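Beneath this line is the structure, given in C-alpha cells, with notes to follow.
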Amino acid sequence: MRKFVEVLFTIVLVATLGLTSGCRSDDPDNPEGGEKPRHYNETDSLSMCEVLKNVDGGYWGKETEEMLKHPADWKNVIWRWMEDEQQYRIVEVLLGAESTTSKSYVHPAIGDLTHLEGLWVNGPGFWGALPSTVCNLENLIALRIESTNMSVIPDEIFSERMVYVLIEMNPLLREVPSSVKNLKTRNYTWKDCELFSFYNNGFQGRCPVVKNANVNFRSNEFSAIDWESAGGECHSVTKGVSGPEDRTLSFFNYNPFEKCEIPEDVMTKLCSDTISLLLLYDQVVGFHLDDVPYTNMPDSDEIIRLKSEWYGNHPECRADYVEETEVSRALKQTLPAYTFSVME
C-alpha cells in the first residue's frame, strides 16, 4: 500500500510540476518584453544565491552576479508574483543533494525568504543542522526533510499553522523537536494522519506527547511511550459516544520499546474506557500481535473480544473504524493537503 501511494504521490507531483514549472504562467504583462531581474525581489534573490551555492546541485563555483542574471531559471525554486509588491517572491524551494563525496548544508540565509511556504530538503549529501533561521519563516506551512544525513532540527521549528510535515529516513536525527506538540490536525479524521509523519529516523528516548494531531512515529529508536499519550486524546463526541473518530492519536509501531508494566493509574484509566485500551494496542502493537511490550496488557484474544463487544454495543461506529481495524487508517499514506510543485 505504501509503495502504491508513493507512486501515486509522484504522479501527482509530476502533473503539478508540468502545470507550475517556473513562474512564467503567472507573469504579468511586460511591455518591454522578456523577464527582467528587477522584477524579482532583491533580498530573496541574494539570499537564494547563498543557499544554492552551499548545495552540490550545479551552482557551486558560480558568482552571485552571474546567478542573478536569470533567477527565473533557478532549478526547483518557485517564484510567485505579488500584486501588492509588484515583484516576484520565492514561495517554494526544493534543495537536493545526492552526492556523498561532498557535503551540502542548508545556509542560514534560507530564513530571509519571508514568503516561503514550502521547504523540501532531500538527499544524503546534506549534513549538519537545519538552521534556526527557518523558525523565523512565518509563512512556512510545509516542511519535508527526507533521506538526509542531517543531525539536528531546530527545537522551535513546528507551529500550529503547518499542514504538512514529513521527516523521514534521516538516520542521524536523534531528538524530536519539542515544538512537535504544536502540530494540529484540523479535521479529526484518521485519514489525515499522514500529514504529519516522522517515519524511520533515528529518534531515541521517550516518544513525545502530541495531543492535537495524528502523527506517525513508526520505525524509530524510541524506547518508551509517554503515558500521557496512551489511548489518544478525545476532542469531541459524535453519534452519542466518544469513538475513534473523535480522537487524535500518535502511532509508535516498530519501535524497540523496553518490556515493562503499564502504570497502575494508567491501566485503571484504560480499563474504564475500552476505546482508549484498544487504541493503545493499535498505537504500539499494530501488526505485531505477539510482540506486546507491556507485561500487563491484555493478550490479542482479549483485545479481539473487547473490540467485538464494544462495537456490538455501538453499531453506529462500525463503519468508521472496524472495517479497517487490522490496517488502521492512521497507518495509510494519503495524499497530503500540501502538494509540492517542485521535484528533483
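Only this structure's heavy atoms are used, side chains among them; waters, hydrogens and symmetry mates stay out. From a predicted model like this one, the values you see are computed outputs, not experimental measurements.
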Item to check | Least distance between heavy atoms, Pro171 atom then Asn149 atom | outcome: CG-OD1, 4.3 Å
Item to check | Minimum heavy-atom distance Val51-Ala109, with the two atoms named | outcome: CG2-C, 4.0 Å
Item to check | NZ/NE/NH1/NH2 to OD/OE distance under 4.0 Å, Arg206 and Asp226 | outcome: no
Checklist entry - Hey, is CD on Glu160 packed in by over 12 heavy atoms from elsewhere, all under 6.0 Å? => result no
Checklist entry - Distance-only, no hydrogens or angles: does the Arg144 side chain make a donor-acceptor pair with backbone N or O of Gly118 under 3.5 Å? => result no
Checklist entry - What class does the angle between the rings of Phe217 and Phe252 fall in, given that below 30° is parallel, 30 to 60° is tilted and above 60° is perpendicular? => result parallel
Checklist entry - Can you tell me how far NE2 of His115 sits from CG of Leu137, rounded to the nearest 0.5 angstrom? => result 11.5 Å
Checklist entry - Under a 4.5 Å cut-off applied to non-hydrogen side-chain atoms, are Glu261 and Thr295 in contact? => result yes
Checklist entry - Is the backbone N or O of Glu50 less than 3.5 Å from a side-chain atom of Asn54, with the two atoms forming a donor-acceptor pair by type? => result yes
Next on the checklist: Quick check against the 3.5 Å criterion: does Asn313 have a side-chain atom that pairs as donor or acceptor with the backbone of Glu309?
Outcome noted: yes
Item to check | Candidates Leu278, Val284, Asp282 - the one meeting side-chain contact (heavy atoms from CB on, under 4.5 Å) with Leu280 | outcome: Val284
Item to check | Val210 side chain reached by Glu233 side chain, heavy atoms, under 4.5 Å | outcome: no
Item to check | Steps toward side-chain contact (heavy atoms from CB on, under 4.5 Å) verdict (Val266, Thr268) | outcome: CA-CA 5 Å; Val266 177; Thr268 300; over 6 Å; no
Checklist entry - In Å and rounded to the nearest 0.5 Å, what is the CD1 to CG distance from Ile262 to Leu270? => result 6.0 Å
Next on the checklist: Quick check: Tyr105 with Trp127 (ring centres under 6.0 Å apart)?
Outcome noted: no
Checklist entry - Is there a side-chain contact between Cys260 and Glu258, using heavy atoms and a 4.5 Å cut-off? => result no
Checklist entry - If only atom types and distance count, is the side chain of Asn41 paired as donor or acceptor with the main-chain N or O of Thr43 below 3.5 Å? => result yes
Item to check | Tyr164 ring center near Phe158 ring center (under 6.0 Å) | outcome: no
Checklist entry - How about Thr64 and Lys53: does a side-chain donor come under 3.5 Å of a side-chain acceptor? => result yes
Item to check | Close aromatic pair by centroid cut-off 6.0 Å: Phe126 and Trp120 | outcome: no
Checklist entry - So, the side chain of Ser104 versus the backbone of Asp56: is there a donor-acceptor pair under 3.5 Å, distance only? => result yes
Checklist entry - Okay, side chain of His70, backbone of Ala72: is any donor-acceptor separation there less than 3.5 Å? => result no
Checklist entry - Quick one: does Gln86's side chain have a donor or acceptor within less than 3.5 Å of a partner on Glu83's backbone? => result yes
Checklist entry - Any side-chain heavy atom of Leu173 within less than 4.5 Å of one from Ile167? => result yes
Item to check | Expected output: side-chain Asn139 to main-chain Glu117 donor-acceptor under 3.5 Å | outcome: no
Next on the checklist: Taking Asp44's backbone N and O only, do any of them form a donor-acceptor pair with Ser47's side chain (distance below 3.5 Å, no angle check)?
Outcome noted: no
Next on the checklist: Does any part of the side chain of Thr148, heavy atoms only, come nearer than 4.5 Å to the side chain of Pro124, both counted from C-beta?
Outcome noted: no
Item to check | Flag if over 12 foreign heavy atoms under 6.0 Å of CD, Glu85 | outcome: yes
Checklist entry - Side chains of Arg218 and Ser197: donor-acceptor distance under 3.5 Å anywhere? => result no
Item to check | Between OG on residue Ser250 and CD on residue Gln283, distance to nearest 0.5 Å | outcome: 7.0 Å
Checklist entry - Does a donor on one side chain sit under 3.5 Å from an acceptor on the other, for Asn201 and Asn170? => result yes
Next on the checklist: Using side-chain heavy atoms (C-beta onward) and a distance below 4.5 Å, is Met67 in contact with Trp74?
Outcome noted: yes
Next on the checklist: Looking at Glu92, is its backbone amide N or carbonyl O close enough to the side chain of Trp79 to form a donor-acceptor pair, meaning the two atoms are under 3.5 Å apart?
Outcome noted: no
Checklist entry - How about Phe251 and Val215: do any of their side-chain heavy atoms sit closer than 4.5 Å? => result no
Item to check | Closest heavy-atom pair and its distance - Gly231, Leu279 | outcome: O-CD1, 3.5 Å
Next on the checklist: If hydrophobic clusters are built from ILVMFWY residues whose side chains come within less than 4.5 Å, do Trp310 and Ile303 share one?
Outcome noted: yes
Checklist entry - Could you walk me through whether Met48 and Leu113 pass the side-chain contact (heavy atoms from CB on, under 4.5 Å) check? => result CA-CA 8 Å; Met48 198 64 221; Leu113 305 178; 3.8 Å; yes
Next on the checklist: Measuring only between side-chain heavy atoms, which start at C-beta, is Ile90 closer than 4.5 Å to Leu116?
Outcome noted: yes
